[in-house]
Structures are given as C-alpha cells and as structure tokens.
Amino acid sequence: MAEDFTDEFADADLKDARRSRRLGRVASAMAKSPAASITAASGGWSETMAAYRLLNCEKFAPKALIAPHGVATADRCAGHACVAVCQDTTELDFTHMKATQGLGPLNDEHRRGFYLHSSYVVSEPGLPLGLLDADIVLRDDETFRSTATRKQRPTEDKESQRWVNGYGKALELARQLPDCEVFSISDREGDIYEVYQAWLLADGGPRAEWIIRANQDRALVNVADGDPAMLCAALREAPVLGGVEFDVRARKGTKKVKGSTVATSRSARTVRQVVRAMKISPRPPHRKGTKLPAVSFWAVLAEETDPPAGEEPIRWLLLTSKEVTTLEDARRILSLYLRRWDIEVFHRVLKTGCRVESIQLKTGEAVMNAVMIYAVIAWRILYLTHLGRQCPDLPCGCVFEEAEWKSACAVVKRPKDAGEPSLSEFIAIIGKLGGHLGRKSDGAPGPQSIWQGLARVRDFACAWHAFYGG
C-alpha cells in the first residue's frame, strides 16, 4: 500500500538503528498478506530470515515494537473533540504449538498461551485511531497454582492492576490533549475500586473520564434512614430520566451459571428501556495495610420494560465519573459505552483476520513480538474499512499503490477510461474480491471481506509488477 507502516513504527527503540529500519520493512510485508504465514508474507528467503531474526531478538521488550504506534495514535486523537479509550483483555491460545517454549497457563494449566490487554482508541463517531498501549499478561505456573492467596495480595501484584494502568494511560492522553475529552471504557472486569481512586487522586489538571459496566452490587455510604443501602435497590428507586428505544438482532450464545455453561438465545425485537441515574458513594472495600478514600460518582441504569416471555430483559448498569442529570447525558454515556464493541471487533480481526494463534515460532517471546506487529496491522484493516465510509471521495491512490488499484480494477473488469476510483469505490472492489456481494441490502464491506480482499489485491499487484515492471 502507498501509505505503508513506516510512520507507525518510526523511531522504535530496538537498541540498533538497523533493527529499527528492518521493523518497518517486516511490518509492511506482513501487512500485505495479514492471513499468510510469516514465510509466505516475506516473499523470499533473505526477507524471511530477516523477519525471524527480528522476532527472535532478545535485545528489546515486545512493547518497544508498538510504542511508536502509540505516539502516532495520540497524534491522531488531537484532531478530535472526544475519544474513547476502550480496554479489554483477550486470550491467545497456543496450546497446539507444542514446540513453542516460554508460554504460560491460561484458565487451565494444560492450556498454554498468554493474554493481550489492549487500550484501543476510537473517536466518538467510531473512527479507529489506533492502540494507545498493549500489555502482555504471561502467567507464571507457580503463581497460577497459588490461587488461595490471591485475595491477600495487594492490587498492584494482581492481574487486575492492568485496568488501573489502562486508566493511567487514558489519563496521560487527557493531560497531553487538554482540548480533547477522553473517556476510558471498560466492561465488568474493570469494575475495580482502585480505578475510581486513581481518578479521584488525579485532580488538579485535565482528567480522563471513565465509564465501567458494574460487576457487583456495591454497598453505599451516607444513606438516609429508610433508603436502600445497596446500589441496585437504590437505582430502582431513582428518578426516571426517560426512555430509549433501539432494535436488536436475534442471537444465540452461552453464559456461566454456577460454574456450568448454559445455552442462551435472544429474539430480534425493538427494545424499550427505562433510564434512571443517581450520584452514589460506594463503601470502600477492605485492603490489607491501607485505607481507600471515599469516592462519589454517577450510576446509570437502563432496563428493558417489556421483554418477550422467557427471555431476560436487556439491562445495563453503568458507572461513570461524568455527571448524569438529564436523559441527554444518559444517552451519551450509553452511546459511548457501546463503543466498547469496537475493541471486540479489533480482537476478532487480530485473531481471525491476522490468524495470530497460528503463528509458529520457537519461543513465546518471538510470538509476542509478532503479535505486537499484527496488532497494528489489525487496526489498519479496520481503519481502511471506516476511512472508505468517512472519506468516500478521497482518491484511492492516497492509500493504495498504483499497481494495486490498477490490477484490481482490471480483474473486476472496471472500464479503463473510468480513471482512478475513489477510496469508497476501491474499498467496495476490495470487499468484492474478499467475498462481499455488494447488494443494496448488504451495506458496506466489513473487516472480514476487507482483509480477505487485501490479500488478493497484494497478489494481483505482484503479478502487475512482474508483467509491467516497476
């Protein structure tokens, strides 16, 4: 592609200038065939060996590979009034890679791999801006077995500290960009009191706001006589701000009930929710050797009023540092929280589009290095998907090489006298090559058809260069 990965990996501190230059070349090759093996993507013996030497190098930590992209992501955020830093952790399972050494236990000590905790940034309308940070969580076998002492360990020694660190990254971005409103968005795992404490103690400058889906029914303090002392009961008696209405698709899935997995289903329907909000002061939890400060923030409850018989109501209980006193305030909090779905899509592209769980390398460290590079590639696939929608009239040559768009247009038999296609038109061509049918009811191509189409475009461009030179 014309706009390669040089800028996303520029100035990477890999302890050797030659190594840093090689990173850009290796990443660009991997990006052109995201679903291919590293050998196939490299395109030759010497290029393959260079890629393996880089990935197996022990002179730098995996985070060094993605640090320049984090800087570029922050720069892109500067052009937006509001951004959402979505946090989530995904499991990367390499159990089937028996020869790979240096992996840790997952939820079972017989399953091997590691976890990737991403801080993925999108604009309020949903444009993917990149990864602010990414952490590898590698479990130690001995620590994994000593779960009996987990509650006695301080938070900073637990895996849950990653959510606090993630908020810290969002806070750094807010301080760096005082004119940009920054929200840290987390699902239930991020419902940790130390996050609230970090927000409270960061007073005195621009602060990142946060929205977290509640994981537990917290006890409240400063409760008047006769008022409910627990969060959920108090919210159900809070004033109604109004209602929201939206459509959902049918869905089948599973959930955990008392340690067992049970099947669930949801019918397609129009959901009507009643929205309530109130300011709360949860009771600080006990932490051995320290006393946590009291914190006050807002809670928003959106609950379906008339679910179909036999189905659980769709219900969201969100906690937020942002003041919520009107229905408009609550709608915005709900809308921003739903941006968290974007990081789910990002992780799916990373695992399915870039096939990172199929990486075959000798050490866990090398695999982690490759995952960091592929994480940037996965973001760019999503960026291209959205860019074609938000900047449809941009000439495709601003993003793609001439050989890429000319060869692809020839394959789909686009008239030669039609000239250079717009970005949205070429994205549609890529989607068609990746299996998108392009009917009116199909909408714009999604990430899956884009990554499959990009692989074919790369092959067409190689043939174009071979026939016409250059």
Please test Asp93 against Arg112 for salt bridge (Lys or Arg N to Asp or Glu O under 4.0 Å), starting from the C-alpha separation and ending with a verdict. CA-CA 6 Å; Asp93 185 354; Arg112 313 297 290 181; over 6 Å; no
Any donor and acceptor pair, going by atom type alone, linking the side chain of [X] with main-chain N or O of [Y] inside 3.5 Å?
X      : Y      : result
Arg249 : Ala268 : no
Lys351 : Glu91  : yes
Ser449 : Pro445 : no
Ser335 : Arg331 : no
Trp379 : Pro128 : yes
Asp217 : Leu231 : yes

What residues, two or more places apart in sequence or in another chain, satisfy side-chain contact (heavy atoms from CB on, under 4.5 Å) together with [X]?
X      : result
Arg355 : Ala35, Ser358
Ser321 : Trp199, Glu209, Trp210
Met97  : Phe94, Thr100, Gln360
Pro178 : Pro206

Those residues that, when tested against [X], pass side chain to side chain donor-acceptor pair (under 3.5 Å) (two or more places apart):
X      : result
Ser37  : none
Tyr196 : Asp191
Glu357 : none
Tyr115 : Arg139

Which atom names give the shortest non-hydrogen contact between Leu116 and Val371, and what distance separates them?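 Smallest interatomic distance, heavy atoms only, reads CD2-CG1, 4.2 Å.
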Sequence neighbours left out, what passes ring pair (Phe, Tyr, Trp, His ring centres under 6.0 Å) with Tyr337? Give chain and number order.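 Tyr337 satisfies ring pair (Phe, Tyr, Trp, His ring centres under 6.0 Å) with no other residue.
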Show me the pairs that pass side chain to side chain donor-acceptor pair (under 3.5 Å) and involve residues 169-185, at least two apart or across chains.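 Pairs touching residues 169-185 that pass the test: Gln87-Ser184, Glu181-Lys322, Glu181-Arg332.
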Report, one line per pair, each donor and acceptor closer than 3.5 Å where one atom sits in a side chain of residues 295-309; sequence neighbours left out.
| from | atom 1 | to | atom 2 | distance (Å) |
| --- | --- | --- | --- | --- |
| Ser296 | OG | Ser281 | OG | 2.6 |
| Glu303 | OE2 | Arg236 | NH2 | 3.3 |
| Glu303 | OE2 | Arg315 | NE | 3.4 |
| Glu304 | OE1 | Arg269 | NH2 | 3.0 |
| Glu304 | OE1 | Ile314 | N | 2.9 |
| Glu304 | OE2 | Arg269 | NE | 2.9 |
| Thr305 | OG1 | Arg272 | O | 3.4 |

Would you call Lys15 and Asp13 a salt bridge, using N to O less than 4.0 angstrom?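 Counted as a salt bridge, because a side-chain N and a carboxylate O are separated by less than 4.0 Å.
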Do the charged groups of Glu194 and Arg287 touch, with an N to O distance under 4.0 Å?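 A salt bridge is present here (some side-chain N lies under 4.0 Å from a carboxylate O).
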Angle between ring planes, Trp316 versus Phe246, binned at 30° and 60°: parallel, tilted or perpendicular?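 Ring orientation of Trp316 relative to Phe246: parallel.
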Residue pairs, two or more places apart or on separate chains, that pass salt bridge (Lys or Arg N to Asp or Glu O under 4.0 Å) and touch residues 71-87: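 Listed once each, the pairs are Glu8-Arg76.
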Pick out which of Arg213, Arg162, Lys158 makes a salt bridge (charged side-chain N to carboxylate O under 4.0 Å, His left out) with Glu189.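 Single salt bridge (charged side-chain N to carboxylate O under 4.0 Å, His left out) partner of Glu189 among Arg213, Arg162, Lys158: Arg162.
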Pair His347-Ser118, side-chain donor/acceptor within less than 3.5 Å: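 Judged by distance alone, the side chains do pair up.
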Could you verify whether a donor N or O on one side chain and an acceptor N or O on the other, from Asn165 and Gln161, lie under 3.5 Å apart?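 There is such a pair between these side chains.
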Heavy-atom side-chain contact between Leu127 and His80 under 4.5 Å: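 Touching, per the 4.5 Å side-chain cut-off.
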